[in-house]
Amino acid sequence: MAENTEKCSSVSRAEDSQADTCPTIAQLQSLLDSRRSSFSHRVDEVWPNLFLGDLNTANNRYELWKLGITHVLNAAHGRRYSEGNPEFYGTTIIYHGVPANDVPEFDMSKYFYSASEFIHRALITPGARLLVHCVVGISRSATLVLAYLMIHHQLSLVQAIHTVQKNRWISPNAGFLRQLLRLDEDLRRTRLNKTRPETSHHGEEA
C-alpha cells in the first residue's frame, strides 16, 4: 500500500495539510478501530439533517416519523429483512435504493455519484431530513455517506471519517476502503487540475 500513499500524495495540493495525504488501508483501519465502541446507537445524526442508522430504524415508520425523516437511502435494497421500497414508505418519504452486498469484492464505487446526488438533493430541500442505512449502519451506508462528504464537501477521506466518527462508530470493509481511497485520489487530481491555468479542456468530462 505504500505505493498508493506515494501516488496519492503526488497529486495533493501544496496547501493540503499532512493529515490530508492519502493513507494506507492499514492506517485507515487503525483510525476506524481507534473509535470502536462496544455500544452502537441505532441511528445518529452525522451531518446536519443526515442520519446514519440501521435496518430496525428504517423498518419502523413510526420511528422515522418521530425523527422527521423525509428521505431514505437504503444501501441494502432488496436484501433479506429489508422492507424498504417506495411502496413501503408511500408518499410521505422519498426513497432511493442501492442493492449492495457487504463484501470486499462488491463494487460500491459505481453508486458513489448517484447516491451522493440523492443525498445532496435531499439536504438542499427545505425542511428535509435524510436517513442513510444498511443493516447495521456501519459499512455499506457509512461508505456512501463518506463518499458524499468527499464529493460534495471536498473533504479528504480521513477528514470525512473524522467527521462521521464524531457522532457514530463506522467500519467500512477493506474493499470499500480501497474504493474510497481511489475516489479520494481522483477527487484530489481533479481539484489539482482545476487550479492549473494551463490545464487542457480536452479531457473526458466527469
Side-chain angles (χ1 to χ4, degrees), residues 1-2 4-54 57 67 73 75 98 100 102 104 108-109 111-113 115-120 122-124 129-192 195:
M1 297 304 300
N4 284 351
T5 305
E6 180 180 348
K7 183 178 181 182
C8 193
S9 298
S10 70
V11 299
S12 297
R13 292 174 298 171
E15 64 268 26
D16 279 353
S17 68
Q18 183 177 1
D20 286 339
T21 59
C22 286
T24 64
I25 293 294
Q27 289 170 331
L28 288 173
Q29 196 63 62
S30 178
L31 173 61
L32 293 167
D33 290 345
S34 70
R35 297 299 298 271
R36 181 179 292 273
S37 171
S38 59
F39 176 79
S40 218
H41 297 114
R42 287 173 50 191
V43 61
D44 297 284
E45 188 175 13
V46 298
W47 188 260
N49 298 317
L50 195 170
F51 293 78
L52 185 53
D54 65 4
T57 301
L67 289 170
L73 195 168
V98 172
D102 189 14
M108 182 70 88
S109 66
Y111 297 108
F112 283 170
Y113 282 91
S116 294
E117 186 60 24
F118 178 80
I119 295 173
H120 175 66
L123 295 182
I124 63 174
R129 288 161 77 86
L130 165 72
L131 170 69
V132 183
H133 79 91
C134 47
V135 175
V136 183
I138 62 173
S139 182
R140 284 171 285 189
S141 53
T143 297
L144 293 179
V145 169
L146 293 172
Y148 159 73
L149 294 174
M150 295 163 66
I151 292 169
H152 282 280
H153 295 280
Q154 293 76 52
L155 299 187
S156 69
L157 175 54
V158 169
Q159 289 173 327
I161 290 174
H162 279 304
T163 297
V164 175
Q165 280 185 328
K166 290 176 183 177
N167 294 294
R168 185 176 183 83
W169 174 65
I170 57 173
S171 185
N173 69 51
F176 293 169
L177 289 177
R178 291 188 183 92
Q179 294 168 41
L180 287 168
L181 273 175
R182 288 195 292 271
L183 175 66
D184 200 4
E185 179 185 333
D186 291 343
L187 292 172
R188 288 170 185 271
R189 181 179 293 108
T190 298
R191 289 195 295 267
L192 180 66
T195 64

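In this text the structure is predicted, and so the values were computed from the model without any measurement.
For the atom pair CZ of Arg182 and CG of Leu187, the computed distance is 13.0 Å after rounding to the nearest 0.5 Å. Taken to the nearest 0.5 Å, the CD1 atom of Ile119 stands 13.0 Å off from the CG atom of Asn49. Annotation: the span from His152 atom NE2 to Glu117 atom CD amounts to 5.0 Å, rounded to 0.5 Å. The NE2 atom of His162 lies 5.0 Å from the CG atom of Leu31; values are rounded to the nearest 0.5 Å. Between the NE2 atom of His120 and the CG atom of Leu50 there is a distance of 12.5 Å, given to the nearest 0.5 Å.
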**Message:** Between Asp33 and Ser30, does the side chain to side chain donor-acceptor pair (under 3.5 Å) criterion hold? Intermediate values first, please.
**Reply:** CA-CA 5 Å; Asp33 290 345; Ser30 178; over 6 Å; no
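Two residues are said to be in side-chain contact when any heavy atoms from C-beta on lie closer than 4.5 Å; Val132 and Phe51 fail this criterion. No side-chain heavy atom of Arg178 sits less than 4.5 Å from a side-chain heavy atom of Leu181. In this structure, Thr163 and Val46 have side chains that are not in contact, with every pair of non-hydrogen atoms separated by 4.5 Å or more. Two residues are said to be in side-chain contact when any heavy atoms from C-beta on lie closer than 4.5 Å; Leu52 and Ile170 meet this criterion. Between Pro172 and Leu28, every side-chain heavy-atom pair lies at or beyond the 4.5 Å cut-off. Met150 places a side-chain heavy atom less than 4.5 Å from the side chain of Leu183.
Between Ile161 and the choices Leu155, Leu180, Leu146, Leu149, the side chain to side chain contact (heavy atoms under 4.5 Å, CB included) rule is met once, by Leu146.
Summarising the geometry of Arg168 relative to Val136, their closest heavy-atom pair is NH2-O, 3.0 Å, with the distance given to 0.1 Å. Nearest heavy-atom pair across Ala115 and Leu144 is CB-CD2, 4.0 Å. Smallest separation of non-hydrogen atoms from Leu73 and Leu130: N-CD1, 4.0 Å. Closest approach of Val98 and Met108 over heavy atoms only: CG1-SD, 4.3 Å.
Ring orientation note: the planes of His153 and Trp47 are tilted relative to one another, at an angle of 30° to 60°.
Contacts classified as side chain to side chain donor-acceptor pair (under 3.5 Å) and involving residues 135-146 (residues at least two apart or in different chains) are given here: Asp102-Ser139.
Side-chain N or O atoms of Trp169 include none that pairs as donor or acceptor with a backbone N or O of Ser34 at under 3.5 Å.
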